[in-house]
Enquirer: 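Input: one structure, supplied below.
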Amino acid sequence: MTPTPMARSLAGTVRSSLGGLDPALRQVGQFDPASSQRLFKVATSGSAEMSFLPDLAERVAREAPGIRLATVRADRGNLEEDLRSGELDLALDIGLPLTAEIRRQQIGASELVVLARVGHPAIGPGFDMEAYLAQEHVLVTGRRRGVGLEDVALGRLGMRRRIRVRCQRHGAASAIVARTDLLATMSRSQAVLDKAQAGIQVLALPVALPELETFLYW
């Protein structure tokens with residue numbers, strides 16, 4: 001290819017413009033928490049928010065005072081597109097079938113445990129799977145229909161529990177457990193947060209199920 005006279009006359013101006021653009025391009029991707037003024041939008045469930053946000057807010061206030069945080073409810077149907085477009089910066093959720101374009105890192109795993117009220121007539125030293133399945137349960141889920149992850153895992157073992165109440169928050173499930181004979185199954189990390197509810201005991205789940213894993217997506 002041979003430059004035309006017009007191309008040769010523009011070369012100097014273009015070279016100068018590209019030279020000015022180069023420093024700006026080098027800054028892309030660099031991040032200094034201490035001086036950043038960014039707003040970070042994080043999608044998460046309400047229960048996960050309680051487990052991570054207080055610690056994160058404390059650290060941000062100490063190390064990155066200009067950063068603002070906003071948590072929003074996770075919409076799994078649009079999560080990948082929201083991350084891709086920049087509508088969301090980060091997401092915290094269970095393992096999801098997203099494409100390789102969305103990066104992920106496991107940041108936690110917690111075993112499942114059972115919550116029951118103190119003095120529950122069917123809970124004793126011999127609490128086993130038969131006793132667990134004989135009771136009615138509270139399911140914590142943000143979905144309008146369908147079963148929970150623990151029910152999927154139980155189904156693979158040929159077991160099924162009876163769901164009496166569906167709710168969206170672990171705190172609500174714990175309050176129900178404290179006042180009824182219903183049981184609730186949740187991660188141990190969440191159960192530790194909710195054990196402050198008076199009259200609740202935390203029991204080992206009497207069957208080995210996979211741990212509940214938490215991932216950070218970006």
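What you are looking at is a predicted structure, and each value in this text was computed from that prediction instead of being measured. Numbers here are sequence positions counted from 1.
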Enquirer: Can any side-chain N or O of Asn78 pair as donor or acceptor with the backbone N or O of Glu81 at less than 3.5 Å?
Expert: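 Pair absent, no side-chain N/O of Asn78 close to backbone of Glu81.
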
Enquirer: Which atom pair, heavy atoms only, marks the closest approach of Ala172 to Cys167?
Expert: CB-SG, 4.3 Å

Enquirer: Verify side chain to side chain contact (heavy atoms under 4.5 Å, CB included) between Val113 and Leu203, making sure each step is shown before the conclusion.
Expert: CA-CA 6 Å; Val113 296; Leu203 309 163; over 6 Å; no

Enquirer: Identify the two heavy atoms, one from Tyr132 and one from Pro206, that lie closest to each other, and give their separation to 0.1 Å.
Expert: CB-CG, 4.0 Å

Enquirer: Mark yes when over 12 heavy atoms from residues, nucleotides or ligands other than Arg164 sit less than 6.0 Å from its CZ; otherwise mark no.
Expert: no

Enquirer: Do Phe215 and Val72 land in one hydrophobic cluster if side-chain heavy atoms of ILVMFWY residues count as linked below 4.5 Å?
Expert: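 Linked within one cluster.
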
Enquirer: Donor-acceptor check, side chain of Arg8 to backbone of Pro3, threshold 3.5 angstrom: yes or no?
Expert: yes

Enquirer: Using side-chain contact (heavy atoms from CB on, under 4.5 Å) as the criterion, point out the one residue from Val147, Asp151, Leu183 that pairs with Arg161.
Expert: Asp151

Enquirer: So which atom in Arg160 and which in Leu133 form the shortest heavy-atom distance, rounded to 0.1 Å?
Expert: O-CD2, 3.7 Å

Enquirer: Which distance, rounded to the nearest 0.5 Å, do you find between the CD1 of Ile123 and the CG of Leu115?
Expert: 11.0 Å

Enquirer: Sub-3.5 Å donor-acceptor pair from the side chain of Tyr217 to the main-chain atoms of Leu96, do we have one?
Expert: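 Yes; judged by distance alone, with no hydrogens or angles, the pair exists.
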
Enquirer: For Arg103, look at atom CZ and say whether over 12 heavy atoms of other residues, nucleotides or ligands are found less than 6.0 Å away.
Expert: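 Open: at most 12 neighbouring heavy atoms sit under 6.0 Å from CZ of Arg103.
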
Enquirer: With clusters defined by side-chain heavy atoms of hydrophobic residues (ILVMFWY) lying less than 4.5 Å apart, directly or transitively, does Ile94 cluster with Ile107?
Expert: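 Cluster IDs for Ile107 and Ile94 differ.
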
Enquirer: Drop me the distance from Arg38's CZ to Arg68's CZ, to the nearest 0.5 angstrom.
Expert: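 Between atom CZ of Arg38 and atom CZ of Arg68 there are 10.5 Å.
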
Enquirer: Is the shortest heavy-atom distance from the side chain of Leu209 to the side chain of Leu157 under 4.5 Å?
Expert: yes

Enquirer: Would a hydrophobic clustering, with Ile, Leu, Val, Met, Phe, Trp and Tyr connected at side-chain separations under 4.5 Å, put Ile163 with Met129?
Expert: no

Enquirer: Yes or no on side chain to side chain contact (heavy atoms under 4.5 Å, CB included) for Leu216 and Phe52, after CA distance, side-chain angles and deciding distance?
Expert: CA-CA 12 Å; Leu216 177 68; Phe52 86 91; over 6 Å; no

Enquirer: Which heavy-atom pair separates Phe127 from Ala204 by the least distance, and what is that distance?
Expert: CE2-O, 4.0 Å

Enquirer: Which residues pass the side chain to side chain contact (heavy atoms under 4.5 Å, CB included) test with Gln105, not counting sequence neighbours?
Expert: Trp218

Enquirer: Would Thr99 and Glu80 count as having a side-chain donor-acceptor pair, cut-off 3.5 Å?
Expert: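 Yes.
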
Enquirer: Taking atom CZ as the centre, does Arg162 end up with more than 12 heavy-atom neighbours from other residues, nucleotides or ligands that are less than 6.0 angstrom away?
Expert: yes

Enquirer: Give the cluster check for Val152 versus Leu212: same hydrophobic cluster or not, with ILVMFWY residues linked at side-chain heavy-atom distances below 4.5 Å.
Expert: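 No; tracing contacts between hydrophobic side chains, which count when under 4.5 Å, never links both residues.
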
Enquirer: CG of Leu149 to CE of Met186: how many Å apart, nearest 0.5 Å?
Expert: 13.5 Å

Enquirer: If every non-hydrogen atom of Ser187 is compared with every non-hydrogen atom of Leu112, which pair is closest and at what distance?
Expert: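 Where Ser187 meets Leu112 most closely, the heavy atoms are N-CD2, 3.9 Å.
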
Enquirer: Tell me, with the steps shown, if Gln190 and Ser174 meet side chain to side chain contact (heavy atoms under 4.5 Å, CB included).
Expert: CA-CA 10 Å; Gln190 187 62 50; Ser174 299; over 6 Å; no

Enquirer: Any chance you could measure Phe40, atom CZ, to Leu69, atom CG, to the nearest 0.5 Å?
Expert: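 Between atom CZ of Phe40 and atom CG of Leu69 there are 8.5 Å.
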
Enquirer: Taking a hydrophobic cluster as the set of Ile, Leu, Val, Met, Phe, Trp and Tyr residues connected by side-chain heavy atoms closer than 4.5 Å, whether directly or through intermediates, do Ile102 and Leu90 fall within one such cluster?
Expert: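 Shared cluster, no.
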
Enquirer: Which atoms form the tightest heavy-atom contact between Gln106 and Ala109, and what is the distance?
Expert: NE2-CB, 3.6 Å

Enquirer: Is the count of non-hydrogen atoms from other residues, nucleotides or ligands lying under 6.0 Å from Arg15 atom CZ greater than 12?
Expert: no

Enquirer: Is it true that Asp181 and Arg117 have a side-chain N and a carboxylate O under 4.0 angstrom from each other?
Expert: yes

Enquirer: Counting N and O atoms only, with roles assigned by atom type, does the side chain of Ser36 sit under 3.5 Å from a partner on the main chain of Asp32, one being a donor and the other an acceptor?
Expert: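 No; judged by distance alone, with no hydrogens or angles, the pair does not exist.
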
Enquirer: If you count every heavy atom of other residues, nucleotides or ligands that lies below 6.0 Å from Glu130 atom CD, does the total exceed 12?
Expert: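 Not more than 12 within 6.0 Å, no.
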
Enquirer: Within this structure, what is the CG-CG distance for the pair Leu182 and Leu139, rounded to the nearest 0.5 Å?
Expert: 12.0 Å

Enquirer: Can a side-chain donor-acceptor contact be found between Glu49 and Thr71 if the only test is distance below 3.5 angstrom?
Expert: yes

Enquirer: Less than 4.5 Å apart, side chain to side chain, heavy atoms only: is that true for Arg188 and Glu211?
Expert: no

Enquirer: Please round to the nearest 0.5 Å and tell me the distance separating atom OG of Ser35 and atom CD1 of Ile67.
Expert: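 These two atoms lie 8.5 Å from each other.
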
Enquirer: Between Thr141 (side chain only) and Gly148 (backbone N and O only), is there a donor and an acceptor less than 3.5 Å apart?
Expert: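 Checked: no pair found.
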
Enquirer: With the threshold set at 4.0 Å, does a side-chain nitrogen-carboxylate oxygen contact exist between Asp82 and Lys41?
Expert: no

Enquirer: Determine, stepwise, if the pair Leu79 / Leu83 fulfils side chain to side chain contact (heavy atoms under 4.5 Å, CB included).
Expert: CA-CA 6 Å; Leu79 183 60; Leu83 288 169; 4.2 Å; yes

